[in-house]
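Read through the structure below, which is laid out as structure tokens, and then see the notes.
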There are 2 protein chains.
Amino acid sequence: MRLVIARCTVEYDGRLEAHLPEAVRLVMVKADGCVAIHADGGAYKPLNWMNAPNVRREEPGRWEIANAAGERLVITLHEVLSDTSWELGLDPGLRKDGVEAHLQELLAEVPHLFGDGLTLVRREYPTALGPVDLLLRDTAGAVVAVEVDRAGAAHVAVEIKRHATIEAVEQLARYLEFLDRDSSLAPPVQGILAAQTITPQARTLATSRGIRCVVVDYDELRGLRRDELRLF
Amino acid sequence: MRLVIARCTVEYDGRLEAHLPEAVRLVMVKADGCVAIHADGGAYKPLNWMNAPNVRREEPGRWEIANAAGERLVITLHEVLSDTSWELGLDPGLRKDGVEAHLQELLAEVPHLFGDGLTLVRREYPTALGPVDLLLRDTAGAVVAVEVDRAGAAHVAVEIKRHATIEAVEQLARYLEFLDRDSSLAPPVQGILAAQTITPQARTLATSRGIRCVVVDYDELRGLRRDELRLF
DNA sequence: GTGTATATCTCGGGG
DNA sequence: CCCCGAGGTATACAC
């Protein structure tokens, strides 16, 4: 990794055009060749950048970086205050826990939480528009629907979010539209929006579309699984 | 701006949990107190970070950074290879050209491109869900609708995107639903999706919802405006 | 502050 | 390769 502190101006021409007036900034060049220009504030996002792969032509006082898509970044270095390089080596990478995928894993193990007699058909059930998080089947005729037109549904589609907004409702509604045309399922398919938090607007829209909202708790689910495992 | 090159491990506990095994990385601390931990690759996004505002408690070999939301970042420094600081000063900031807002400005000037007799009512026309990019009015009864149920519409809502996906169609469909209930407009309101590029899936969904797709060219529009200005 | 929309989003997965 | 969806998205803006 190379770190250059310099008074510079920058021009970017590609997906848009952007210009940075003269100021002192950090220019970071990583081992893969990607370049980022940072100011001394504004979260982690650089002011300007060029991703790898790219080609960098370096002349005294002027760097020109271009990629195959025709994007071009020109850095004019008026004064270089520091120019250092470091061997960092390959990073072992980040381990994450608590993202939507984990919520999905946990919920897939306890489908009966959404209604007695509900069992898992599969996770990531495919539709023409994309995969539904969970598809459940009612094995006891006990689905409780909030709207008459989806009452007694034999299948239930579950959309899982950490935080559900209107977008999540739209997404599930799209899936339901296509699931109702799925010949292997008997329409109507019931929809459930499951999330740790749900905005009031999303809840309103969901209700008006006959979609049930369920608030779930990640820590509680983890505990539940631990408790269930104890039975064996 | 402070730049620390160090062999370190990192723990984040907040909106999720994340862990970074021991490796040499760059720890960047900006003037506003935000912290970012970079590996030597992977575009501009850091492996881990903490935005401002936050409180940083620094002990030898261990930084603990926390914010008001209860998020916590702990950096254990096993070996510090370099620790430098720089005065960058306030950045004059980035000037951009070619974003969606500019496309909207240009299109607002030539509403007749969407159909003869169409004039601009206003940009950012408000609905309960948010503003519609452009609302047009048919002053010549010449709106061409792709679906019978929206034929002869007196008003046209235009959603503008640089690149239109299914999301854009959903967004416009939501607006149309509310515009049809707008007492100051006579339903049905026609919808047009205008973008520099439109995905095939978005086009399919748009057509099935009676929304017309129009591909626009930013450079051509700029030229068009220049040509029109020459007339005066 | 919440909610909504944009972004040179980045990043990963699947067809 | 494109498309889609998630993100500790970040960021701006309106209510």
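Each chain gets a letter, A, B and so on, in the order its sequence line appears, and its residues count up from 1.
Using a 4.0 Å heavy-atom cutoff across all strands shown, Pro131(A) reaches no nucleic acid atom at all. Using a 4.0 Å heavy-atom cutoff across all strands shown, Glu159(A) reaches sugar-phosphate atoms only and no base atom. Among the atoms of the strands shown, none is found under 4.0 Å from any heavy atom of Met50(A).
Of the side-chain N and O atoms in Arg162(A), one or more sit less than 4.0 angstrom from OP1 or OP2 of dG7(D). Distances shown here put a side-chain N or O of Arg174(B) below 4.0 Å from the OP1 or OP2 atom of dA5(C). The phosphate of dT2(C) has neither OP1 nor OP2 within less than 4.0 Å of any side-chain N or O from Thr199(A). OP1 or OP2 of dT6(C) lies within a sub-4.0 Å distance of a side-chain N or O belonging to Lys161(B). Contact check, Trp49(A) against dT10(C): a side-chain N or O comes under 4.0 Å of OP1 or OP2. Tyr175(A) has a side-chain polar atom (N or O) that falls below the 4.0 Å cut-off from OP1 or OP2 of dG5(D). Listed pair Gln171(B) / dT4(C) fails the phosphate criterion, with no side-chain N or O lying under 4.0 Å from OP1 or OP2.
dT9(D) atom P lies 17 Å from atom CG of Leu47(B), rounded to whole Å. The interatomic distance linking Asp133(B) (CG) with dT4(C) (P) rounds to 16 Å, in whole Å. Rounded to whole Å, the distance from CD on Glu17(A) to C1' on dA7(C) is 17 Å. Atoms OH (Tyr125(B)) and C1' (dT4(C)) sit 19 Å apart, rounded to a whole Å. One can place CG of Asn51(A) at 5 Å from P of dT10(C), the figure rounded to the nearest angstrom. For Glu124(A) and dC4(D), the CD to P distance is 16 Å, given to the nearest whole Å. As rounded to whole Å, 11 Å separates atom P of dC3(D) from atom CD1 of Ile198(B). To the nearest angstrom, P of dA6(D) lies 17 Å from CZ of Arg15(B).
In terms of position on DNA chain D, the residue among Ala18(B) and Gly42(A) whose nearest nucleotide sits closer to the 5' end is Ala18(B). Nearest-nucleotide mapping onto DNA chain C: of Tyr12(A) and Ala202(A), the residue sitting toward the 5' end is Ala202(A). Ranked by how close their nearest DNA chain C nucleotide is to the 5' end, Thr165(A) and Gly98(B) are led by Thr165(A). Between His163(B) and Lys96(A), the residue anchored nearer the 5' end of DNA chain D, judged by the nucleotide with its closest heavy atom, is His163(B).
Picking from dA7(C), dT4(C), dG7(D) the nucleotide with the shortest atom distance to the side chain of Glu100(A) gives dG7(D). Taking only side-chain atoms of Val99(A), from C-beta outward, the nucleotide of dG7(D), dT10(C), dC4(D) with the closest atom is dG7(D). The side chain of Ile166(A) has dT4(C) as its nearest neighbour among dT4(C), dA10(D), dT10(C). Checked against dT10(C), dC3(D), dT9(D), the side chain of Tyr44(A) finds its nearest nucleotide in dT9(D).
Ring geometry, His102(A) versus Tyr218(A): the interplanar angle falls from 30° to 60°, so the pair is classed tilted. In this pair, Tyr44(A) and Trp49(B) present their aromatic rings perpendicular. The plane angle is above 60°, beyond the 30 to 60° band.
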